[in-house]
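Taking it in order: structure first as structure tokens, then the write-up.
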Amino acid sequence: MHPYVGLFLGLGALAAAAPQVTLTPLSGPIPPVRSSEVTGPTSHGPFSGTPTVTGALSAPATAQSIAPAGAPVVTYTNNNGKLQASYMPVPYQPAGGQGVNGTTPYYHPLSDFDYESLTLALYQEWIELDLFHYGLATFSVQDFEAAGLTAQDRFLIEFMADQEAGHATLLSNILGPAAPPQCTYNYPFTTVREFIDFCQKLTRFGESGVYGFLGHLDSRESATLLLQSISTEARQQMIFRQFDGLFPMPVWFEVGCPQSWAWTLLAPYISSCPANTTRLAWQNFPSLTVLNQPNPAKTNPNLGAAQAGTGSNPLNSSDIAASNQCLNATGSSDCAPAISQNRSIPLSYPGRPVHFAWGSVGEPVGPNNSYVTSRSPLADQPRYAMFVSQLNATYVPLVNVSLAANTASAVQPNMSTFAGDPAANGTIFISIVSHNPYVTPFNLSLVNPYVWSGPVLYQAG
Ligand SMILES: *[C@@H]1O[C@H](CO)[C@@H](O)[C@H](O)[C@H]1NC(C)=O
Ligand SMILES: *[C@@H]1O[C@H](CO)[C@@H](O)[C@H](O)[C@H]1NC(C)=O
Ligand SMILES: *[C@@H]1O[C@H](CO)[C@@H](O)[C@H](O)[C@H]1NC(C)=O
Ligand SMILES: *[C@@H]1O[C@H](CO)[C@@H](O)[C@H](O)[C@H]1NC(C)=O
Ligand SMILES: *[C@@H]1O[C@H](CO)[C@@H](O)[C@H](O)[C@H]1NC(C)=O
Ligand SMILES: *[C@@H]1O[C@H](CO)[C@@H](O)[C@H](O)[C@H]1NC(C)=O
Ligand SMILES: *[C@@H]1O[C@H](CO)[C@@H](O)[C@H](O)[C@H]1NC(C)=O
Ligand SMILES: *[C@@H]1O[C@H](CO)[C@@H](O)[C@H](O)[C@H]1NC(C)=O
Ligand SMILES: *[C@@H]1O[C@H](CO)[C@@H](O)[C@H](O)[C@H]1NC(C)=O
Ligand SMILES: *[C@@H]1O[C@H](CO)[C@@H](O)[C@H](O)[C@H]1NC(C)=O
Ligand SMILES: *[C@@H]1O[C@H](CO)[C@@H](O)[C@H](O)[C@H]1NC(C)=O
């Protein structure tokens with residue numbers, strides 16, 4: 001007999017409620033706390049009602065920005081590679097570490113920061129579950145075949161949807177009774193390639209939004225489970241890039257972004273949520289548009305009419321000259337689904353002028369139009385385009401700023417991570433900001449009080 005520990009994630013998330021059980025191969029599966037099959041409307045489209053509540057969840061703020069608090073007290077250094085402590089807790093376990101001393105793991109939020117971050121992640125998992133199913137249901141077999149996607153590829157999309165049911169169950173279990181249910185969504189695509197490209201972009205900010213807060217959670221237990229689901233999401237993002245004919249991973253590091261950036265990008269696609277759905281505390285910044293987005297449906301992205309992309313930058317594959325369509329192009333111009341595609345003409349390059357337009361504060365957005373765009377009073381002027389990619393945040397001064405037209409331009413920077421690796425590649429984030437505080441991946445959110453508008457996703461490569 002080979003007993004095994006069943007449904008690790010479900011049990012882990014339920015640790016507070018369920019005893020540890022060892023299942024035999026004859027045991028049935030443990031049902032989820034919140035089944036994705038019994039929630040979630042199946043309709044789609046925009047919302048045209050009046051919200052019954054408005055604005056983010058809030059409590060009185062104690063400051064407008066986080067003041068510098070100095071360096072942490074560091075009590076450990078190791079310059080000789082040897083064990084520095086004089087003992088080990090047990091053989092082969094070096095001294096130190098968190099949560100390894102026998103304390104029972106508690107897989108639940110430990111603060112409002114945790115609760116709000118994990119709830120945002122659940123909003124994201126629900127839309128992914130709906131989106132992948134919706135794409136499969138909306139387009140015909142012929143549509144998919146014309147876009148180069150086979151029955152095997154469609155099964156993979158279906159499997160990715162199933163993964164989302166698991167992720168939504170995990171997060172619902174972690175959050176408890178007030179976990180938000182599935183909502184109703186409004187999508188910005190009309191073709192298979194636009195659907196695939198939207199999936200590539202939505203999973204980018206889903207993944208990056210989690211990397212932005214993962215290491216900041218008070219609940220290390222929740223962080224561990226969430227990482228195990230977001231690692232799957234990272235693979236989904238790469239697969240959608242491959243389906244999109246893009247180079248699968250043109251970066252050395254995956255980028256993280258603050259929660260309010262992810263929420264700003266996600267909210268426009270949630271048209272309504274059921275009554276009493278748990279609300280979020282994150283900010284919706286004014287929208288940002290790149291007026292000349294690099295277009296992955298083109299062989300030469302520099303030819304033809306410039307195409308605007310707002311927020312998540314949905315692909316617009318209409319109005320591309322037949323001779324510049326890359327899907328069925330020959331040779332190195334081809335962008336059909338593939339394990340790896342090397343574009344003969346890169347989508348963007350350092351020195352490329354990037355033109356912006358931004359939206360206003362006070363605009364209704366998100367579920368039931370019940371959230372409102374805002375910026376901090378500290379964001380007094382648009383001064384920089386902040387390019388956030390890989391490990392880097394680079395501020396480029398805006399030029400040609402028009403406060404009357406809400407437009408400005410900046411030049412794509414030539415920045416690198418290490419050893420000359422170009423940092424601005426893949427699907428990256430740009431925000432317009434008023435000030436340029438030095439931020440690094442673990443304190444990126446300190447820029448939030450200075451965000452004028454955005455982020456927008458920029459299809460750098
Ligand atoms: C284990 O570590 C936690 C947190 O670091 C601490 O609160 C707890 O007292 C420790 N337990 C034991 C048995 O040392
Ligand atoms: C690409 O080729 C496929 C198969 O030949 C065809 O069905 C499809 O319409 C073509 N798509 C475009 C955009 O030319
Ligand atoms: C949002 O709209 C839906 C559908 O009209 C409605 O059932 C729900 O109560 C609304 N929720 C809020 C918070 O207004
Ligand atoms: C929403 O919450 C209110 C107040 O708790 C309650 O009276 C109402 O029945 C709830 N509506 C739904 C649809 O759950
Ligand atoms: C797509 O781009 C064309 C211009 O190239 C524009 O006319 C059209 O409105 C755009 N469609 C959407 C949905 O934005
Ligand atoms: C890939 O594209 C680059 C130009 O972007 C070119 O230098 C290189 O030779 C190409 N490699 C292959 C294998 O096609
Ligand atoms: C992004 O990476 C691809 C693949 O390595 C490369 O061909 C392209 O030139 C890069 N783009 C930029 C903007 O660095
Ligand atoms: C970017 O910087 C690198 C390293 O300084 C340099 O070799 C390269 O020519 C620069 N590229 C552009 C387009 O300026
Ligand atoms: C700013 O405007 C000037 C004059 O129209 C133009 O030459 C320049 O290219 C613009 N800069 C950018 C980055 O677009
Ligand atoms: C990008 O980030 C890496 C790692 O922090 C750093 O070494 C590098 O200098 C940064 N590059 C730029 C242009 O800021
Ligand atoms: C962010 O962290 C870096 C160190 O990685 C530090 O130099 C910088 O001052 C911090 N930024 C702010 C705004 O506190």
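Whatever order the structure lists ligands and atoms in, that order sets their numbers, starting from 1.
Of all protein heavy atoms, the one closest to atom 1 (C) of ligand 8 is Asn414 ND2, 1.4 Å. Protein heavy atom in closest approach to atom 13 (C) of ligand 10: Met415 CB, 3.5 Å. From the protein, the heavy atom lying nearest to atom 7 (O) of ligand 10 is Phe418 CE2, 3.4 Å. If you check which protein heavy atom lies closest to atom 9 (O) of ligand 10, you get Thr417 O, 4.4 Å. Scanning the protein for heavy atoms near atom 14 (O) of ligand 10, the closest one is Asn392 ND2, 3.2 Å.
A distance below 6.0 Å separates the ring centres of Tyr134 and Tyr187. Two rings, from Phe198 and Tyr269, have their centers less than 6.0 Å apart. For Phe418 and Phe253, the ring centers sit closer than 6.0 Å to each other. Aromatic pair Trp263/Tyr123: centroids less than 6.0 angstrom apart. Aromatic pair Tyr395/Tyr438: ring centres not closer than 6.0 Å.
For atom 5 (O) of ligand 8, the nearest protein heavy atom lies 4.0 Å or farther away. The nearest protein heavy atom to atom 11 (N) of ligand 8 is closer than 4.0 Å.
Contact annotation: for Ala423 versus ligand 10, there are no heavy atoms closer than 4.0 Å. At a heavy-atom cutoff of 4.0 Å, ligand 7 is contacted by the side chain of Pro422 but not by its backbone.
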Test side-chain contact (heavy atoms from CB on, under 4.5 Å) on Thr373 and Ser360 and set out the steps.
CA-CA 7 Å; Thr373 59; Ser360 307; 5.7 Å; no
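Checked by atom type and distance alone, the side chain of Ser389 pairs as donor or acceptor with a backbone atom of Ala423 at under 3.5 Å.
Atoms of ligand 7 lying under 4.0 Å from any heavy atom of Pro346, numbered from 1 in the order shown and given with element: 9 (O). The distance from ligand 7 to the heavy atoms of Ser348 drops below 4.0 Å at these ligand atoms: 13 (C). Atoms of ligand 7 lying under 4.0 Å from at least one heavy atom of Pro250, given by number and element, are 2 (O).
Residue Asn425 places at least one N or O, backbone or side chain, under 3.5 Å from an N or O of ligand 7. Between Thr394 and ligand 10, not a single N/O pair is under 3.5 Å apart.
Salt-bridge formation is not detected for the pair Glu194/Lys201: no Lys NZ or Arg NE/NH1/NH2 atom is positioned less than 4.0 Å from an Asp or Glu carboxylate oxygen.
Residues Val388 and Leu444 share a closest heavy-atom pair of CG1-CD2, 4.0 Å.
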